[in-house]
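The structure under discussion appears below in the form of structure tokens.
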There are 2 protein chains.
Amino acid sequence: MSITIYDVAREANVSMATVSRVVNNNPNVKPSTRKKVLKTIERLGYRPNAVARGLASKKTTTVGAIIPDISSIFFSELARGIEDIATMYKYNIILSNSDQNKEKELQLINTMLEKQVDGILFMGGNVTPEHVQHFSTSSAPVVLAATYDETGKIPSVNIDYKVAAYEATKLLIDKGHKQPAFIGGQVDIKLNLDKYEGYLKALQESSAEINENFIIKDSYSYNAGIKGIKKLLSQEDKPTAVFVASDEMAIGVIHGAQDLGYKIPEDLEVIGFNNTRLATMVRPTLSTIIQPMYDLGAVAMRLLTKYMNKEEVTETEVILPHRIIERDSTK
Amino acid sequence: MSITIYDVAREANVSMATVSRVVNNNPNVKPSTRKKVLKTIERLGYRPNAVARGLASKKTTTVGAIIPDISSIFFSELARGIEDIATMYKYNIILSNSDQNKEKELQLINTMLEKQVDGILFMGGNVTPEHVQHFSTSSAPVVLAATYDETGKIPSVNIDYKVAAYEATKLLIDKGHKQPAFIGGQVDIKLNLDKYEGYLKALQESSAEINENFIIKDSYSYNAGIKGIKKLLSQEDKPTAVFVASDEMAIGVIHGAQDLGYKIPEDLEVIGFNNTRLATMVRPTLSTIIQPMYDLGAVAMRLLTKYMNKEEVTETEVILPHRIIERDSTK
DNA sequence: ATGAAAGCGCTAACAA
DNA sequence: TTGTTAGCGCTTTCAT
């Protein structure tokens with residue numbers, strides 16, 4: 001049996017209420033008794049039971065984080081941002097992978113709510129009305145990171161993916177490429193669709209027709225990048241530039257093109273997305289869109305603390321700045 | 001106010017004990033009443049409160065995971081292994097970063113114990129007697145992953161780092177390099193020391209004297225790799241091969257050497273460590289030591305479930321197999 | 001097969 | 001400033 005608050009109270013000759021007060025730093029305790037209590041806490045090695053505390057106070061100081069895949073370099077940096085701010089505000093994180101699978105996501109929301117988390121951070125994937133419905137079965141606040149809900153009911157932190165993709169494509173067009181190719185993710189995920197739409201918008205503004213053969217939608221992996229560019233370069237009509245929706249994929253593109261004897265950026269200009277650490281870990285170094293992943297997580301967590309604290313929040317749809325950094329994969 | 005077990009009991013005309021039984025799949029319930037209860041649970045949208053349950057049952061079905069840095073590609077894959085197995089056994093993970101900082105680690109152990117986790121997974125960093133002491137203040141089982149405690153009191157899952165480093169160095173020596181260089185981490189971390197010792201052992205077996213100028217101990221980063229190799233190659237006496245203690249660093253080594261005009265593997269052979277996804281995302285592709293990171297996490301979590309279940313465990317110090325994969329950074 | 005009731009360890013009025 | 005006491009929502013004997 002472990003030491004309880006009751007043991008401490010008895011040993012220190014005070015009531016459990018007083019012990020509770022000193023543990024919770026309630027100022028209404030005479031310094032001398034505080035000292036006495038502290039000493040016996042120390043002596044007995046008392047460790048407050050957070051579960052009991054949670055039941056009584058209806059606060060667990062833990063938040064749930066639902067993330068597509070923690071082993072992805074993108075999300076793991078985001079997670080680090082979350083965790084650092086959570087620590088700062090004394091919260092713990094229950095972390096779960098969803099693989100952007102809707103059933104899993106819904107399931108996880110439920111589990112976390114059962115565990116009485118004080119708030120939920122939801123990342124990636126789509127936010128459907130069903131998600132919103134699940135969220136609403138509890139009063140725990142929810143913040144979305146790197147995704148958003150179209151009804152605008154749930155606060156979120158993002159960059160403007162559409163504009164970013166537009167700018168990258170535009171940059172390539174301005175460099176003289178008639179139609180830069182696009183290699184991105186499946187557009188059933190909203191953010192991927194945003195990037196695709198940004199790309200299209202830039203094309204529409206400049207060229208007349210759009211060559212569908214310059215557009216590839218696949219998974220966000222290194223191998224998909226290789227496969228994608230090899231397909232593009234095996235066509236009659238070959239692109240001279242390509243906008244790739246993730247760095248990992250973009251590195252695949254670079255290597256795939258190099259394997260075929262193409263020189264980057266001379267024969268093919270490449271722009272990636274995210275500016276993960278990978279971007280500088282490839283030769284030529286990758287021009288890409290800087291998306292502040294760590295900050296995305298940090299800001300989302302900070303926002304969540306405000307909601308959990310019932311503070312006033314003015315800005316519910318936070319858009320963080322992005323920018324393009326040109327390195328050696330573009331001329 | 002949310003729905004409690006009491007509400008369900010009242011609405012279904014049974015006692016809370018019966019509701020509890022159906023929620024927990026206790027077989028001692030007449031099928032018809034089970035059905036009735038299930039129906040009213042559905043109707044009311046009852047969601048069991050895991051905190052209350054945890055207080056009453058003294059089980060939280062959550063385990064704490066202390067990890068050096070979730071944004072590191074190495075640990076994030078490990079974490080994914082942990083999480084997948086945890087999910088399989090219905091556990092949730094409280095994840096925290098320690099940065100291998102002893103104070104933080106001790107702190108986190110305490111916090112997790114306060115939260116009444118059913119077990120702890122501890123990764124990276126050193127395990128000191130103080131750690132062991134902290135662990136012992138609770139009956140929650142602990143499993144170490146990618147680290148071990150020298151007293152052998154705490155179960156752990158690892159590969160044999162010393163042997164792996166020995167083999168890599170030996171391979172290089174057998175290829176005709178008199179003294180391959182070593183670029184690794186600070187040896188105040190036990191695992192880094194193991195790798196260093198494995199390297200030394202291989203040298204001692206073959207060559208007479210050891211050139212200390214061929215040995216660099218720095219942080220495990222891409223930039224440290226670049227810096228390290230540039231230093232080595234600026235010396236009078238230059239290495240023709242190098243064993244690098246992490247892939248990220250090794251890629252830095254490759255690029256650093258390439259920047260100086262060296263050809264890999266012709267002028268310099270490189271072997272990395274870990275076989276992270278990065279190893280195939282560089283040209284030339286990286287020869288490296290395959291360490292099954294995902295499995296390390298998965299096996300550690302599996303082992304922990306056995307302890308939490310109070311099952312008999314025969315093998316307490318699990319050593320997973322490793323092997324060297326030769327790719328294009330070696331001849 | 002079901003119910004009654006005693007906790008689990010703590011917080012938070014309320015009193016004193 | 002301190003103590004008393006009633007929960008928080010559930011599990012788990014122990015009866016029945």
Side-chain angles (χ1 to χ4, degrees), chain A residues 1-38 40-41 44-62 111 113-118 137-140, chain B residues 1-38 40-41 44-62 111 113-118 137-140:
Chain A
M1 221 49 264
S2 57
I3 313 296
T4 72
I5 198 173
Y6 188 76
D7 299 319
V8 176
R10 181 169 28 74
E11 291 284 316
N13 285 311
V14 295
S15 69
M16 24 184 314
T18 299
V19 178
S20 175
R21 286 191 189 97
V22 348
V23 169
N24 292 294
N25 278 313
N26 183 316
N28 292 337
V29 182
K30 194 165 37 158
S32 66
T33 79
R34 173 183 303 277
K35 206 163 145 191
K36 180 173 64 176
V37 170
L38 246 19
T40 99
I41 284 180
L44 300 185
Y46 167 67
R47 174 189 296 131
N49 180 325
V51 172
R53 185 188 294 205
L55 183 58
S57 69
K58 300 183 165 308
K59 285 197 189 106
T60 55
T61 61
T62 101
T111 306
L113 260 15
E114 280 186 8
K115 297 232 162 158
Q116 312 299 119
V117 294
D118 293 338
T137 59
S138 130
S139 56
Chain B
M1 222 47 264
S2 57
I3 314 296
T4 73
I5 198 172
Y6 188 76
D7 299 319
V8 177
R10 183 170 26 74
E11 291 284 318
N13 283 312
V14 295
S15 70
M16 21 183 318
T18 299
V19 178
S20 174
R21 285 191 190 96
V22 347
V23 169
N24 293 294
N25 278 313
N26 183 317
N28 292 336
V29 183
K30 196 166 36 162
S32 66
T33 78
R34 174 184 303 279
K35 206 164 145 190
K36 180 174 66 177
V37 170
L38 247 18
T40 97
I41 284 179
L44 300 186
Y46 167 67
R47 175 189 295 129
N49 180 325
V51 172
R53 186 187 292 205
L55 183 58
S57 70
K58 300 187 166 305
K59 286 198 188 105
T60 54
T61 63
T62 102
T111 306
L113 259 16
E114 281 186 9
K115 297 232 162 158
Q116 312 299 119
V117 294
D118 293 339
T137 59
S138 130
S139 57

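Residue numbers start from 1 in every chain, and the chains themselves are labelled A, B, ... in the order their sequence lines are given, proteins ahead of strands.
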Looking only at the side chain of A/Arg53 (C-beta and beyond, no hydrogens), which of the listed nucleotides C/dC10, D/dC14, D/dT4 gets closest? C/dC10
Using a heavy-atom cut-off of under 4.0 Å over every strand shown, decide if B/Ser20 touches base, sugar-phosphate, or nothing. base
Does B/Arg47 make a side-chain donor-acceptor contact with the base of D/dG9, cut-off 3.5 Å? no
The helix from C/dA1-D/dT16 to C/dA16-D/dT1: angle between its terminal axes, five pairs each, to 10°? 30°
How close or far is atom C1' of C/dC10 from atom CG of B/Asn49, stated in whole angstroms? 14 Å
Name the residue closer to the 5' end of DNA chain D, choosing between B/Met16 and A/Arg34 according to the nucleotide with the nearest heavy atom. A/Arg34
Output for pair (A/Tyr46 OH, A/Ile41 CD1), nearest 0.5 Å, gives 7.0 Å
Can you tell me if A/Lys58 touches the phosphate of D/dG9, counting only side-chain N or O atoms and a distance under 4.0 Å to OP1 or OP2? yes
Could you tell me whether the phosphate oxygens of D/dG3, OP1 or OP2, come under 4.0 Å of any side-chain nitrogen or oxygen in A/Ser15? yes
Using modelled atom types and a 3.5 Å cut-off, is there a donor and acceptor pairing between side-chain atoms of A/Asn24 and backbone atoms of A/Asn26? no
Tell me whether the side-chain N/O atoms of A/Ser57 come closer than 4.0 Å to OP1 or OP2 in C/dT11. no
For B/Val51, report the nucleic acid contact type (base, sugar-phosphate, nothing); a contact means any heavy atom under 4.0 Å. nothing
Against the side chain of A/Pro48, the closest entry in D/dC8, C/dC10, D/dT11 is C/dC10
For DNA chain C, which residues of residues 22-32 of chain B approach it to below 4.0 angstrom with any heavy atom? B/Asn28, B/Val29, B/Lys30
Among C/dG9, C/dG3, C/dA13, the nucleotide that comes nearest once only the side chain of A/Ala56 is considered: C/dG9
Mind calculating the distance between CG (B/Leu55) and P (C/dC10) to the nearest angstrom? 9 Å
